[in-house]
2 protein chains.
Amino acid sequence: MATRVALKASAARPDLTSVLEDKGYRVTGPRLNIIRLLGKKNEGFSAEEINYALPGVGRATVFRTLKLLLGANVICKLTTRDGGVKYSLARVEHHHHTVCVKCGTVGDFRDVTIERLLRTLGDEIQGQIVGHRIEVDVVCPSCQKASRN
Amino acid sequence: MATRVALKASAARPDLTSVLEDKGYRVTGPRLNIIRLLGKKNEGFSAEEINYALPGVGRATVFRTLKLLLGANVICKLTTRDGGVKYSLARVEHHHHTVCVKCGTVGDFRDVTIERLLRTLGDEIQGQIVGHRIEVDVVCPSCQKASRN
DNA sequence: CAGGGCTATGAGACGTAGTATCATTAGTGT
DNA sequence: ACACTAATGATACTACGTCTCATAGCCCTG
Ligand SMILES: [Mn+2]
Ligand SMILES: [Mn+2]
Ligand SMILES: [Zn+2]
Ligand SMILES: [Zn+2]
């Protein structure tokens with residue numbers, strides 16, 4: 001058996017890059033850089049944050065790529081209570097978000113009951129339902145702990 | 001009895017102005033102008049729209065007053081699917097919104113089941129729930145009709 | 001491997017939504 | 001009438017994006 005050849009240093013998670021190929025987009029340097037960075041994020045993040053972390057990549061390209069990944073359901077975008085914007089990695093298909101009102105940490109959740117309920121909401125609602133957004137404001141466990149001091 | 005002195009021309013609906021007094025805010029000209037205008041709005045509106053309609057009132061004051069009315073639950077603010085912002089008169093206490101994805105018309109609804117459900121969501125969710133936002137994207141009846149042509 | 005064509009990029013202008021600063025104005029209580 | 005304070009408007013500034021346009025880089029075909 002041949003000696004294992006070193007992979008291209010720190011390759012991105014193939015599942016994320018394949019998203020580009022699947023949709024016929026080119027796998028370019030800037031896009032790879034952004035995707036690699038996102039792969040490391042466990043918290044919500046802002047576009048400016050990505051832009052700042054990747055000085056070689058133009059701001060417009062950051063926004064363009066985020067939009068692209070948004071369309072591929074790789075990331076999600078949400079509006080916080082104070083009108084701010086947050087992106088976060090999408091780990092499950094359709095889901096909703098909790099946002100800590102103290103520290104801004106984003107959590108994902110999915111409740112089938114709510115989904116079903118919203119679908120049967122047709123009686124109370126004018127028109128045909130084509131989508132929805134739910135955001136739940138929380139005080140996260142660690143902020144709860146911190147404020148108990 | 002003295003001749004009735006002409007009231008300050010076109011007084012605003014007292015219910016809306018009293019909101020200011022109740023909270024200890026001054027009832028000023030600019031605020032009255034904005035409130036009067038809002039009283040006539042049956043659709044959602046933007047801050048710039050108000051600003052444009054009231055050239056005598058500064059843009060900052062428009063935003064300041066909207067924020068104030070937001071705090072008094074006189075109006076509500078929502079984010080549309082495409083990231084735009086809409087304000088609309090609040091006719092019921094706590095409620096949610098439908099937004100037509102074609103024409104942007106805002107509707108209000110309130111479903112007690114959802115409220116109850118969200119409150120009992122605590123098991124699936126990290127942290128203590130302190131609020132929520134729900135927006136439902138719809139195609140409104142008139143846009144449905146229009147697209148059937 | 002040279003073109004050619006199209007996609008993607010970066011710089012920067014521009015747009016919209018909103019806040020901060022600050023000098024001035026105008027309600028309000030006495 | 002006066003003084004105190006809240007409110008205002010002009011203007012600068014921030015956040016979040018989009019648009020334009022000249023340039024660069026994939027990628028296919030000959
Ligand atoms: Mn998510
Ligand atoms: Mn409403
Ligand atoms: Zn927190
Ligand atoms: Zn419509």
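Each chain gets a letter, A, B and so on, in the order its sequence line appears, and its residues count up from 1.
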| message | For Leu117(A) and Thr113(A): C-alpha separation, side-chain torsions, deciding distance, then whether side chain to side chain contact (heavy atoms under 4.5 Å, CB included) applies. | response | CA-CA 6 Å; Leu117(A) 197 56; Thr113(A) 321; 5.6 Å; no

Measure the [atom1]-[atom2] distance between [X] and [Y] for me, rounded to the nearest 0.5 Å.
X        : Y         : atom1 : atom2 : value
Leu20(B) : Leu69(B)  : CG    : CG    : 6.5 Å
Leu78(A) : Ile134(A) : CG    : CD1   : 13.0 Å
Arg91(A) : Cys76(A)  : CZ    : SG    : 9.0 Å

| task | Could you list where the contact with chain A starts and ends along DNA chain C, reading 5' to 3', using a 4.0 Å heavy-atom cut-off? | result |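 Listed 5' to 3', the contact boundaries are dC6(C) to dG12(C).
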
| said: Output one letter per nucleotide in nucleotides 4-12 of chain D: B when a protein non-hydrogen atom lies under 4.0 Å from the base, S when only the sugar-phosphate is that close, - when neither is. | reply: -BBSBBB--

| Heavy-atom closest pair, residues Ala47(B) and Val62(B) |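 Result for this residue pair: O-CG1, 3.7 Å.
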
Could you state the [atom1]-[atom2] distance from [X] to [N], rounded to the nearest angstrom?
X        : N       : atom1 : atom2 : result
Asp82(A) : dT14(D) : CG    : C1'   : 14 Å
Asn51(A) : dT18(D) : CG    : P     : 14 Å
Lys77(A) : dA15(D) : NZ    : C1'   : 12 Å
Leu32(A) : dC26(D) : CG    : P     : 10 Å
Lys67(A) : dT18(D) : NZ    : C1'   : 7 Å
Phe63(A) : dG17(D) : CZ    : C1'   : 5 Å

| Would Val57(B) and Tyr87(B) show up in the same hydrophobic cluster when neighbours are defined by side-chain heavy atoms closer than 4.5 Å? |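 Val57(B) and Tyr87(B): one cluster.
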
| field | Exercise: do His96(A) and Glu115(A) side chains pair donor with acceptor under 3.5 Å | value |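 A donor-acceptor contact under 3.5 Å links the two side chains.
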
| query | Does the distance from a Lys or Arg side-chain N to an Asp or Glu carboxylate O, for Arg81(B) and Glu135(B), drop under 4.0 Å? | reply |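 Salt bridge absent between Arg81(B) and Glu135(B).
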
| field | Sugar-phosphate, base or nothing in reach of Lys86(A), heavy atoms under 4.0 Å | value |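 Here Lys86(A) touches no strand at all.
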
